[in-house]
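Heads up, the thing below is written out as structure tokens.
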Amino acid sequence: GIPIRTTLDNSTTVHYAGLLHQLTMKARSTVRDIDPQNDLTFLRIRSKKHEIMIAPDKEYLLVVIQNPCE
Amino acid sequence: MEIMYVYTRKRSEFGRPCSFSDRPATVTVDIPPDPSMASNFVLRNPVDSSVQHTNEMSEHEVNTERVQVESRGVNHVEGGWPKDINPQEMEQTIRFRKKVEKDENYVNTIMHLGTLMEHCVKQNNAINIYEEYFGEEEMAEVEDEPPSAKTINQTNIFDVLLSKRDPNVTKRTATHLSWHPDTCRKLAVAYSSLEFQQNAEDMSFDSYIWDLENSNKPELVLKPSSPLVSLEYNPKDSHVLVGGCYNGQMAYWDTRKGGLPVEVSTVEVSHRDPVYGAIWLQSKTGTECFSASTDGQVLWWDIRKLSDPTESLVLDITRKGLLENALGAISLEFEPTMPTKFMVGTEQGIIIACNRKAKTPSEKITSTYSSHIGPVYALARNPFYPKVFLSVGDWTARIWSDETKESPIMWTKCHLSYLTDGCWSTMRPSVFFTTRSDGTLDVWDFLFKQNDPSLSLKVCNEPLSSLRLQDNGCIIGCGSKLGTVTLLEISSGLCTLQRNEKTLATAMFERETKREKILEARHREMRLKERARSEGQETEVEETPLEDPQEVLDRARREFFEVIEAEMQRRTRAEARGLLSKVPETAWTCTRSGDPLPQGGGQGLVSAFQVKDHMVDDEVAIQEEESQLPKDKEEEEEEEKDAA
């Protein structure tokens, strides 16, 4: 997807945007597969270094990358 | 010949209706066979005729079209931009972005998503929701079960299954046991009669390899030319065994080749006495071994050529290499982690540590430890601390450190019966096993209890002569004088490493070693002082030795009787008390908390009666009795220990 507003540098944003868009589609389709009435509201990925939070919508995607407090 | 049938009718009768009727068949022509025609033909016998009954099939080839496969990488470039906007141009992208931002839909969406995100972010900031609430719970390995050992089969020990009797009529002692190195399902036992010149006429020379599964008859019978005193599996090649014979020869077997030895050493160059120790060496070829015997020699062999030993050493502690002065060796010890050093325990009670790679024969003997009053039956290094080794002989078992040569760092009390064999546990550094000549197997754990064995098991009524622990540490085999081999399985508490055991054991060894070193230093000082004093008073010293022996003898006799009297009194007292409270006699009740000072050294014969003591009162009695003990040198040592 196209990054519209970002606080990081462009290349990282583009990187994240491309990958996370696909991931969100996959996650949403998975949730929908299990229960058609269901829909994905929020996705959180916690890794060793950061936590990535994704709030998906029909057209847009809001992504926040945080450092966990530990 | 034509066969014809003619049917005639008058012309005037044509056209009349037919009336058919049946009539039986009549022979029209009868042609009998004509034998003369048979001569035109030849009889054919046999007649070949082929018959086949299969599906009819046909073969047809098909080749699919080859699919071309190619590896390609995909490079993602920034995409998703609408057609007219060039992603490279900053201006266009910025303009596009600004346009989107003004879109109402966009604004609404962002508001909505923003609140959602805010909520989660706040959550994250508030607490770490993935925190580990319960820290690593240390699995407290509580030893619930008291240490125990049980015979693997619970039936009467003398019966079948895991107690293998010597199938021969004349019973011979099981002198040596060796477990199969890999599988540990097989046990090789050497049988011989160690009684001097009491071999019965019909005593067989055989030794057996038993398979644990099948304990009715041995898996393989080894037939040497003279009974085997020691037997060892080659740790590298589990088919090869080396055995030392009663007449001093060495023989080696290959289990694939049967029961007769593959080669036997020549009598002239072998030992002159039974070979009590035979151990394999670590070598690249895996064929080297060495042996020791009571004739005072240690010989090295390469089993490929048993006609000559490769090297020999005479156990002469005066380092002159004279066979007359040599001490007879009765046990041999070798640790693969220290390949050039080995230890020999002698009949005279001295342990000799030797270095194989010394330059001159006299330097081969590095040090001696005078350890026991009788033969040193077993020597074993602790598998976890190679500097510490165990020696078993006379009535005690002693633990030595390589550094202190004068006295052991730890020792057990004197028992009522001889100790015949001992070995360390392969799994726990503080556990070792000893066998006694009253048929008892003792398990000692000196981190748990130092005065008594933590477990004492009566295995059989006759003396136990050999002991071997399996490599995994759970199964022990002990051989008895009448040839019965009993296998015992020890409880997991005794063969699994406890949490702090290694550190505790290290600490204990170091502490004891240090104590001994201090004592040694003190002794040396005292001796130096004595020498300095005596140099100044030489004349006086000459007179006293004449009187001393007799005086010493009288004094010793007096003290001995005193001690016996005291002990008898105490015993009657203890028995009277013993009748009132029922305390089991086996050693594993824990009424005594670990007394850190081993009391073995200073009590000599007297402590033999401690076997029955389990009550706190008796400790008091012992204290009283200690005060009555003669002030020997050992007593002084004890006091010094208390001070140190």
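- Side-chain contact between Glu101(B) and Ile4(A): present, with at least one pair of heavy atoms (C-beta onward) separated by less than 4.5 Å.
- With a 4.5 Å cut-off on non-hydrogen atoms, Asn108(B) does not touch chain A at all.
- Here the NZ-CG distance, from Lys58(A) to Asn105(B), works out to 6.5 Å after rounding to the nearest 0.5 Å.
- Within a 6.0 Å radius of NZ in Lys236(B), more than 12 heavy atoms belonging to other residues, nucleotides or ligands are found.
- Here the straight-line distance linking atom CD1 of Ile54(A) with atom SG of Cys120(B) works out to 11.5 Å at 0.5 Å rounding.
- Of all heavy-atom pairs between Arg97(B) and Pro3(A), the closest is NE-O, 2.7 Å.
- The shortest heavy-atom contact between Pro56(A) and Leu113(B) is O-CD2, 3.4 Å.
- Note that CG of Leu62(A) is 10.5 Å distant from NE2 of His112(B), once rounded to the nearest 0.5 Å.
- Proximity of Met117(B) to Phe42(A): side-chain heavy atoms (C-beta onward) are separated by under 4.5 Å at one or more points.
- Nearest heavy atoms, Tyr60(A) versus Val100(B): OH-CG1, 3.8 Å.
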Are Gln66(A) and Val121(B) close enough, and set up right, to give a side chain to side chain contact (heavy atoms under 4.5 Å, CB included), and what steps lead you there?
CA-CA 8 Å; Gln66(A) 213 184 17; Val121(B) 171; 3.4 Å; yes
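- Remark: Arg5(A) CZ to Lys98(B) NZ distance equals 10.0 Å, nearest 0.5 Å.
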